[in-house]
Number of protein chains: 2
Amino acid sequence: MAEEHHPDHAPLELENFLPYRLSILSNAVSQAIADDYQRRFDLSMTEWRVMAVLARFDGLSAREVAERTLMDKVAVSRALSKLVETGWVTRATHDGDKRRSVLGLSEAGWAIHEVVAPMAREHERNLLSRLDEEERTWLVRILDKLQAIEPK
Amino acid sequence: MAEEHHPDHAPLELENFLPYRLSILSNAVSQAIADDYQRRFDLSMTEWRVMAVLARFDGLSAREVAERTLMDKVAVSRALSKLVETGWVTRATHDGDKRRSVLGLSEAGWAIHEVVAPMAREHERNLLSRLDEEERTWLVRILDKLQAIEPK
DNA sequence: GCGTTATAGTTACATATGAAACCATTTGCA
DNA sequence: TGCAAATGGTTTCATATGTAACTATAACGC
């Protein structure tokens, strides 16, 4: 497959430029999902991500949530203050370290999670249904390799 | 390959959730590139995208730029007003339709382009160098299929 | 031609986001 | 001990972004 040999300074074809394509695709996908739970629960993407990790790892501190979600601590702090206020997340102070908070989903939070998680999975399933089995396998493999960058 | 059969309401594993992975990867990649030209030319990603399409398609109107970049017209308007001010983009009024603008890169704009385009390509090359030829082929194919969504 | 509707682009406002400063607490160590 | 440095978390400020309203021009229907 002969690669067109464009000089480096030729205009970029955005539609074939990988970083651009990734960005467009990723935004479209994430936005479609977020619109869904945003509309139904007034839940932002960052808030949902916080809830998702707390569903898996109960009792994390805010910093740990930030690590797991790759969000910065300010974003986490803000998300938490809203989530605690709406009563979907509980926040206590760590015994023996008064700086640290101990976070978890409340009953109400779990209820939300029970609705949103399947919704998110459904979107993912939908997306993946465009691919056949072989393509799905390659995709995971490719993402694994590319992702070796980001733990910047 | 036996798929774990988690119930739909089980906690999401973000690190295996495709939309999340895409988002992390895409942000990391785009940000790395943007940091580069941002630092050197104080050029935002949206501004660079505008310049990139004008390099390819001279004489577009603002709306056409918006279509090509998939950005909304407000973002384009803002980017343009900065680019025109810094003198990298020229703006004239369309003969016969005074609403429309006629946009293009200036000499100075081309000079910037000559630096940034190779820089962007280099990042892309770097990213793709993590994949072998077969994986690259699959990636393009997979993106093509997944991208069938987004022309929302 | 002339009023209505559509289009190109900008402005205004409200919200989101990130960086840096900040407060409280804890840790490390002389 | 006790004080400097580090850590968890919040607040502040400056910037970015999206939505809706607005201005100017053009197109359409009669």
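Note that this is a predicted model, so its numbers are computed, not measured. Residue numbers start from 1 in every chain, and the chains themselves are labelled A, B, ... in the order their sequence lines are given, proteins ahead of strands.
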Go through it in stages, so that I can follow the logic: the residues are B:Thr137 and B:Glu134, the test is side chain to side chain donor-acceptor pair (under 3.5 Å), and I'd like the CA-CA distance, side-chain angles, deciding distance and then a yes or no. CA-CA 5 Å; B:Thr137 304; B:Glu134 195 180 10; over 6 Å; no

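- B:Arg21 and A:Asp144 are joined by a salt bridge, as a carboxylate oxygen and a charged side-chain nitrogen come within less than 4.0 angstrom of each other.
- Salt bridge present: B:Glu135 and A:Lys145 bring a charged side-chain N and a carboxylate O closer than 4.0 Å.
- The residue A:Ser61 sits close only to the backbone: its heavy atoms come under 4.0 Å of sugar-phosphate atoms, none of a base.
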Please list, one pair per line, the donor and acceptor atoms closer than 3.5 Å that link side chains of residues 75-85 of chain A to other protein atoms, with sequence neighbours excluded.
unit_1, atom_1, unit_2, atom_2, d
A:Ser81, OG, A:Arg78, O, 3.0
A:Lys82, NZ, A:Asp42, O, 2.6
A:Lys82, NZ, A:Glu47, OE1, 2.9

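- Between the P atom of C:dT17 and the CE atom of B:Met45 lies a distance of 14 Å, rounded to the nearest Å.
- One can place CG of A:Leu70 at 16 Å from P of C:dT17, the figure rounded to the nearest angstrom.
- On the nucleic acid side, DNA chain D has its first and last nucleotide under 4.0 Å of a heavy atom of chain B at D:dT17 to D:dA26, going 5' to 3'.
- When heavy atoms are screened at a 4.0 angstrom cut-off, B:Ser81 is found touching no nucleic acid atom at all.
- For the pair A:Tyr20 and B:Arg49, the minimum side-chain heavy-atom distance is below 4.5 Å.
- For C:dG9, one of the phosphate oxygens OP1 or OP2 lies less than 4.0 angstrom from a side-chain nitrogen or oxygen of B:Ser101.
- With respect to the salt-bridge test (charged N to carboxylate O, under 4.0 angstrom), the residues B:Glu124 and B:Arg121 do not qualify.
- Between B:Trp48 and B:Tyr37, the ring planes are tilted. Angles from 30° to 60° get that label.
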What string of B, S and - do you get for nucleotides 21-27 of chain C 5' to 3' if you count protein non-hydrogen atoms under 4.0 Å? ---BBS-

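- You won't find any donor-acceptor pair under 3.5 Å spanning the side chain of B:Arg78 and the base of C:dG9, going by distance alone.
- For B:Lys82 and C:dG9, the NZ to P distance is 20 Å, given to the nearest whole Å.
- A salt bridge does not link B:Glu64 to B:Lys73: none of the charged side-chain nitrogens sits closer than 4.0 Å to a carboxylate oxygen.
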